[in-house]
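Structure first, commentary second.
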Amino acid sequence: MKQVAILISGGGSNMIRLLESMEQPGHPARPCLVLSNDPAAGGLVRAAARGVAVATVDHRPFGRDRAAFEAEMQHVLEAHGAEILCLAGFMRILTPGFVARWQGRMINIHPSLLPKYRGLHTHARVLEAGDGEHGCTVHEVTPELDDGPILGQGRVPVEPGDTPESLAARVLEMEHRLYPAVLRRYAAGEREPVTFP
Ligand code: GAR
């Protein structure tokens, strides 16, 4: 049984879907920790209500010292026995040192069809470009931002009259299908990409 830590910065809707999925019979992983860099992240309360261990390592007291912030995170992750890290709306850039330490054991969900639209504001950028489709990607984390081997992608159409908000909501629904499916396979050692629909 792989021990999974989920890293969040916000509401944690993906995190909740991952927690729910790990309750399924025969799942090869279980949650050991939900960790946030923001003590106000709504997802912390939601995880604790489900009986999952939660912790915060606030990045702000560390200022620009990312390595010190990450050393504290590493300490907490080790204390909880984490073996796989799932980034789920975790909005801090990680240093190459931290990434190297977890490489092959850390995955992320990004709201675009990578390699298109790395970084922020993906939904608005898709609309500006006039793309006919959009989606989300789960990938292994490597030192380059929003890069690394793709483990799964979910596609959604862009509809006439879409706003960044309506598009984000459609993509988020797809994220909620994709991420649990990928985690289940990943925890079982499966690296072949899955695609939705
Ligand atoms: C999700 O859309 C996720 O793909 C995105 O943040 C949102 C978090 O929502 N992640 C990134 O943009 C990472 N760069 P959630 O807290 O409800 O899961």
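Note that ligands are numbered from 1 as they come in the structure, with each ligand's atoms numbered from 1 the same way.
A side-chain donor-acceptor contact under 3.5 Å links Arg185 to the backbone of Glu192.
For the pair Asp146/Asn108, a side-chain contact is recorded, criterion being any heavy-atom separation below 4.5 Å from C-beta on.
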Under the criterion side-chain contact (heavy atoms from CB on, under 4.5 Å), I'd like the reasoning laid out for Arg105 against Leu85: C-alpha separation, chi angles, the key distance, then a yes or no.
CA-CA 6 Å; Arg105 300 182 295 152; Leu85 303 192; over 6 Å; no
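Within a 6.0 Å sphere centred on CD of Glu173, other residues, nucleotides and ligands contribute 12 heavy atoms or fewer. By the 6.0 Å contact criterion, CZ on Arg101 is open, its count of non-hydrogen atoms from other residues, nucleotides or ligands being 12 or less.
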Show the distances, to 0.1 Å, for all pairs joining an N/O atom of ligand 1 and a protein N/O atom that are shorter than 3.5 Å, listing one pair per line.
from: ligand 1; atom 1: 2 (O); to: Glu175; atom 2: OE1; distance (Å): 3.2
from: ligand 1; atom 1: 2 (O); to: Glu175; atom 2: OE2; distance (Å): 2.9
from: ligand 1; atom 1: 4 (O); to: Glu175; atom 2: OE1; distance (Å): 2.8
from: ligand 1; atom 1: 4 (O); to: Glu175; atom 2: OE2; distance (Å): 3.3
from: ligand 1; atom 1: 16 (O); to: Gly12; atom 2: N; distance (Å): 2.8
from: ligand 1; atom 1: 17 (O); to: Ser13; atom 2: N; distance (Å): 2.9
from: ligand 1; atom 1: 17 (O); to: Ser13; atom 2: OG; distance (Å): 2.6
from: ligand 1; atom 1: 18 (O); to: Ser13; atom 2: N; distance (Å): 3.3
from: ligand 1; atom 1: 18 (O); to: Asn14; atom 2: N; distance (Å): 2.9
from: ligand 1; atom 1: 18 (O); to: Asn14; atom 2: ND2; distance (Å): 3.0

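Taking the ring centroids of His134 and His123, they lie under the 6.0 Å cut-off.
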